[in-house]
Amino acid sequence: MEKAYNSKEVEGRIYELWEGKGLLNAEPDAKKKPYCIVIPPPNITGILHMGHALNNAIQDILIRFKRMQGDEALWLPGTDHAGIATQNVVERKLAKDGKKRHDLGREKFVDEVWRWQKEYGGTIIKQLRRLGSSCDWRRERFTMDEGLSNAVVEVFIRLHKKGLIYRGNYIINWCPRCQTALSDEEAQHKELNGHLYYIKYPIKDSKEYITVATTRPETMLGDTAVAVNPKDKRFKELIGKTIILPVVNRELKVITDDLIDPKFGTGIVKVTPAHDPNDFQMGQRHGLESVNIMNPDATLNSNAGNYDGMDRFEAREALLEELKERGLLLKVTPHDYSVGHCYRCHTIVEPYLSKQWFVKMKPLAEPAIAAVKKGKIKFYPERWTKVYLEWMNNIRDWCISRQIWWGHRIPVYYCPKCQEASDGEKGLVVARAKPDKCPDCGSGTLVQDEDVLDTWFSSWLWPFSTFGWPFESGSQDKQKKDLEYFYPTSCLVTAQEIIFFWVARMIMAGLEFCGDIPFKDVYIHGTVRDDTGTKMSKSLGNIIDPLEIIDEFGADALRFSIISITAVGQDVYLSKQKFEMGRNFANKIWNVSRFLIMNMKEEISADLCAFYAKEKLTLADRWILSSFYRTLDAVTKSLESYRLNEAANLLYEFIWHKYCDWYVEIAKSSIGEYKTQFILFKVLEKSLRMLHPFMPFVTEEIWQKLKAKEPIMVSPWPHLQDQMIDQASEEAMERIIEIVVAIRNIRAEMNIEKKQQVDVVISTSRADVVKLKDELSIYSTRLADVKSLTIEKKAKRPEMSASAILDFCEIFIPLEGVIDIKQEKQRVEKKAKEFEGLLMALSKKLKNKDFLNKAPKDIVDQEKAKEKVLREKLKKIQENIKNLS
RNA sequence: GGGCGAUUGGUUCAGUUGGUUAGAACGCCACAUUCACAUUGUGGAGGUCAGUGGUUCGAGUCCACUAUCGCCCACCA
């Protein structure tokens, strides 16, 4: 074995071993409990970043843990076609050759995207393997696969039949760069430092004018009314008058609407039904005309008169200039407002009137709200429940049509003639395939809707579409059985950013189409940030590349480090340096295993429980076993409640600071004996199993060297053995550790060289401590370079000795001639001061009558006992000081 | 405008239902290398738990307010 753990040499080989043996695969097994996680499908455009690393490390830990616990654990992988994002990437690629997608035409462009998908779409999936992800790769799915596309169509048809899908003209969020509609969730609001422009609108047949305030002055070109609050007395006179829209000279009515806040701006609002959602609603209520002044690329159109062809922001400046010249711009004040930005390209989106497809969400939301309220689905951390419910209670209809080419084509066919004749009412067929004829006019040539569906319209079906849903009734399909076995899935692990996009919608879809929740638990983890707290993103260049970290520190180090520093649901602040911890830990385990392998004389196969019952074990043996089982219990509980960082830290503490630091050091004095090797081996072997979900590679590699049987990956999670939890041994061992540390402390502070062994005298009043003499003698020789050890009740203090006072004993190291009296006196006096301070606080507490009367008796007793011990310690320490002078 | 999270030694963070002398990792200081591991070992220094007020016998922990930072939602023309 190499002296240091070499992750590079190990990881690829071990992953092949798992995959080669088919250990990653899961199949329904009636004898086992199902456990299933469907991966949040990464975008095919994605490359692995730390967010993925965290997300997948969590999933893999849960899957491996459950697999070892004996569940049939399926982790189902796949990717998302990411409509807009992928189309953008391929368009950018084309642009390098000076081409646009329209140059290729729809069919060729989509072919091009498929080619891109085949070449690069699997990148992230390959990278997931490097993390050690134990997915069942046979089941890998892609949202544009035939089966999943079929599910999309099925769902569209079902919802349409139910009246939950409709088409209509509404204000939607329009990205002028991507040239498509977006859902409300896809428009990300950001605060901008803008201005409020006060513009004068003349009153017809009068010298007077009114003033409106707006943040987007260019939209005035589409104004078709002005509005005031009906209760606003200031403008009573105004009602019924006609206003002249400057620049375009359109006549505007004055309407009244409750929506208007009299306190904002001037209390008079310009109404632009085609470019503002509120104004659109007012337009509907008051039968106003909608004047669209914009082209899809956000340049103004012919309705904008002289501004035709100008970009929206240029037009804003130019129009303001014109207004200023005409003396109609009254004033400009700074005004912060929030504006939607495209979540894919960050362009400012435009509220835009267009004909789109929508899903009516309220009826779908109701059961999904109930499922969470009833506790059928639980969020971890719990606080997300409120966020979810808040959104669901205020849910709005979902705009699902996208004016792009890459995605699931909307399964709707039109008869152009009938459509035109009926204003869109007739000549529309929702169908799996193109019908031969128009059902309304009976003539041929139907055309399919040009649009595709929102990417999330396939994502929300992911927990069951990946299993081949829908099935024909009575189907005996294997996939149907898989779905029945694994659905509802067990846990969804994801980031907070997509609770609305994805989690909420999956719950609605699961209940609607499968009649059951899609998952029982939702574990929401934090966002990965750099060490200054900025979200990691490629454009900011503050990325820590997980693959680089794997190359440098190893996948286990990456996993363990990121998990142990990630408190449940909190954001993670990462720096490269933090991965050293995981690497060092892997190396520690590697070396302690190497030590054992080097010393083991024979193979160990006997059962620990039998051995425990039969053999006479040392105190250290009983202690390490007891500690192990306590740790096992705590780690199991932590994992079951998603406190992964806690589990990781428990393992670190046990393996490094109990097993390696103490047990192995003690065991060295009897390393030749079978009994010692047996316990060393058993504890290590079980610890490796417990650690395996966190550090799969190093534990598997050691396991293969330790015992040649089945891989650790499919070995059972250790069973708790209550009979080995041994409180007395743990306490006794703690006493010994305290004594050893105290001796080491004296040695270090008195600068006693390691070579120089010392005699130790321990005085105690406790019989149980005296009984530890044999163990103490053996252990302290190795652990604290003690030559001889005396331990007695009321042992006599040797002359000229350094001392330490513990709760239960006094320790003396006679150092006649070696000891620097002054130094020792200083050292002890410092201690005395510390004790005095503590004692003062305690005494005060115990003099407090309220405390004595009101606090529970056991607490009072505890404090009294503490005070007594402290008082004795102080007395002894003062005696020691006196003795030194 | 509403909501959520954070504020604990130099740094990054734990601290589950209020009761131990508030823990860890990294960093720092000192010492140690024929010992499985210098990706190591041993010892040590370092904190009025953001502030104010309250509840309580007792508050890092519960409540209120304040401050700073961050995030999410919202029809702020």
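Labels below follow one simple rule: chain letters A, B, ... track the order of the sequence lines, proteins then strands, and each chain is numbered from 1.
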Kindly say whether [Y] contributes a backbone atom to a donor-acceptor pair with the side chain of [X] at under 3.5 angstrom?
{"X": "Asp785(A)", "Y": "Val758(A)", "value": "no"}
{"X": "Thr224(A)", "Y": "Leu288(A)", "value": "no"}
{"X": "Gln188(A)", "Y": "Gly340(A)", "value": "no"}
{"X": "Asp397(A)", "Y": "Met361(A)", "value": "yes"}
{"X": "Arg747(A)", "Y": "Gln756(A)", "value": "yes"}

How far does the [atom1] atom of [N] sit from the matching atom of [M], given to the nearest Å?
{"N": "G23(B)", "M": "G47(B)", "atom1": "P", "value": "14 Å"}
{"N": "G43(B)", "M": "G70(B)", "atom1": "C1'", "value": "40 Å"}
{"N": "U12(B)", "M": "A6(B)", "atom1": "C1'", "value": "14 Å"}
{"N": "U48(B)", "M": "U7(B)", "atom1": "C1'", "value": "16 Å"}
{"N": "A22(B)", "M": "A59(B)", "atom1": "P", "value": "14 Å"}
{"N": "C26(B)", "M": "U42(B)", "atom1": "P", "value": "12 Å"}
{"N": "G27(B)", "M": "C73(B)", "atom1": "C1'", "value": "40 Å"}
{"N": "G9(B)", "M": "U61(B)", "atom1": "P", "value": "15 Å"}

Donor-acceptor pair present, Lys3(A) side chain and C37(B) base, under 3.5 Å: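 No such pair is found, so the answer is no.
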Heavy-atom donor-acceptor pair, Lys755(A) side-chain to A32(B) base, under 3.5 Å: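 Flag unset: no donor-acceptor pair detected.
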NA contact type, [X], heavy-atom cut-off 4.0 Å: base, sugar-phosphate, or nothing?
{"X": "Glu2(A)", "result": "nothing"}
{"X": "Asn599(A)", "result": "nothing"}
{"X": "Ile260(A)", "result": "base"}
{"X": "Val860(A)", "result": "nothing"}
{"X": "Arg827(A)", "result": "nothing"}
{"X": "Asp279(A)", "result": "nothing"}
{"X": "Glu863(A)", "result": "nothing"}
{"X": "Arg747(A)", "result": "nothing"}
{"X": "Lys844(A)", "result": "nothing"}
{"X": "Lys386(A)", "result": "sugar-phosphate"}
{"X": "Ser338(A)", "result": "base"}

Closest approach of Glu218(A) to Ile293(A) (non-hydrogen atoms, all atoms of both residues):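 Scanning both residues completely, I find the closest heavy atoms to be O-CD1, 3.4 Å.
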Nearest-0.5 Å distance, CH2 of residue Trp398(A) to CD of residue Glu185(A):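 Answer for the CH2-CD pair, Trp398(A) versus Glu185(A), is 8.5 Å.
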Between [X] ([atom1]) and [N] ([atom2]), how many Å, whole number?
{"X": "Asp785(A)", "N": "A32(B)", "atom1": "CG", "atom2": "P", "result": "14 Å"}
{"X": "Ile565(A)", "N": "U11(B)", "atom1": "CD1", "atom2": "C1'", "result": "13 Å"}
{"X": "Asp661(A)", "N": "A36(B)", "atom1": "CG", "atom2": "P", "result": "15 Å"}
{"X": "Glu834(A)", "N": "A45(B)", "atom1": "CD", "atom2": "C1'", "result": "12 Å"}
{"X": "Phe585(A)", "N": "A24(B)", "atom1": "CZ", "atom2": "P", "result": "16 Å"}
{"X": "Phe560(A)", "N": "A24(B)", "atom1": "CZ", "atom2": "C1'", "result": "12 Å"}

Heavy atoms from C-beta onward define the side chain here; which of [options] lies closest to that of [X]?
{"X": "Phe264(A)", "options": "A74(B), U16(B), A77(B)", "result": "A77(B)"}
{"X": "Phe500(A)", "options": "C72(B), A45(B), U39(B)", "result": "C72(B)"}
{"X": "Glu191(A)", "options": "C76(B), G41(B), A77(B)", "result": "C76(B)"}
{"X": "Lys866(A)", "options": "G43(B), U39(B), U21(B)", "result": "U21(B)"}
{"X": "Val269(A)", "options": "G3(B), A36(B), A77(B)", "result": "A77(B)"}
{"X": "Arg583(A)", "options": "U39(B), A77(B), G19(B)", "result": "U39(B)"}
{"X": "Lys588(A)", "options": "U40(B), U21(B), G19(B)", "result": "U40(B)"}
{"X": "Asn591(A)", "options": "A77(B), U16(B), C37(B)", "result": "C37(B)"}

Under 4.0 Å from OP1 or OP2 of [N]: is there any side-chain N or O of [X] that close?
{"X": "Asn645(A)", "N": "A14(B)", "result": "no"}
{"X": "Arg744(A)", "N": "C31(B)", "result": "no"}
{"X": "Lys754(A)", "N": "U33(B)", "result": "no"}

Answer yes or no: is there an ion pair linking [X] with [Y], defined by an N-O contact shorter than 4.0 Å?
{"X": "Glu738(A)", "Y": "Arg735(A)", "result": "yes"}
{"X": "Glu749(A)", "Y": "Lys830(A)", "result": "no"}
{"X": "Lys658(A)", "Y": "Glu730(A)", "result": "no"}
{"X": "Arg871(A)", "Y": "Glu867(A)", "result": "yes"}
{"X": "Asp807(A)", "Y": "Lys873(A)", "result": "yes"}
{"X": "Glu824(A)", "Y": "Arg827(A)", "result": "yes"}

Parallel, tilted or perpendicular: rings of Phe585(A) and Trp656(A) (30°, 60°):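 Parallel: the ring planes of Trp656(A) and Phe585(A) meet at under 30°.
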Parallel, tilted or perpendicular: rings of Tyr5(A) and Trp590(A) (30°, 60°):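 Judged by the thresholds at 30° and 60°, the geometry between Trp590(A) and Tyr5(A) is tilted.
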NZ or CZ of Lys588(A) within 45° of Tyr652(A) ring axis and under 6.0 Å: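 That pair does not qualify as a cation-pi contact.
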Check: protein-nucleotides 56-62 of chain B nitrogen or oxygen pairs below 3.5 Å:
| unit_1 | atom_1 | unit_2 | atom_2 | d |
| --- | --- | --- | --- | --- |
| C57(B) | OP1 | Lys854(A) | NZ | 2.9 |
| C57(B) | O4' | Asp850(A) | O | 3.3 |
| C57(B) | O2' | Asn848(A) | ND2 | 3.4 |

Nearest-nucleotide comparison on RNA chain B, the residue closer to the 5′ end among Ser593(A) and Gly265(A):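 In this pair, the answer is Ser593(A).
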Intra- and interstrand pairs of RNA chain B - dot-bracket, Watson-Crick/G-U under 3.5 Å, | marks other strand: (((((((..((((.....[...)))).(((((.......))))).....(((((..]....))))))))))))....
Under 3.5 Å between N/O atoms: give me all the protein pairs with nucleotides 25-29 of chain B, atom names plus distance.
| unit_1 | atom_1 | unit_2 | atom_2 | d |
| --- | --- | --- | --- | --- |
| A25(B) | OP1 | His657(A) | NE2 | 3.4 |
| C26(B) | O2' | Gln577(A) | NE2 | 2.6 |

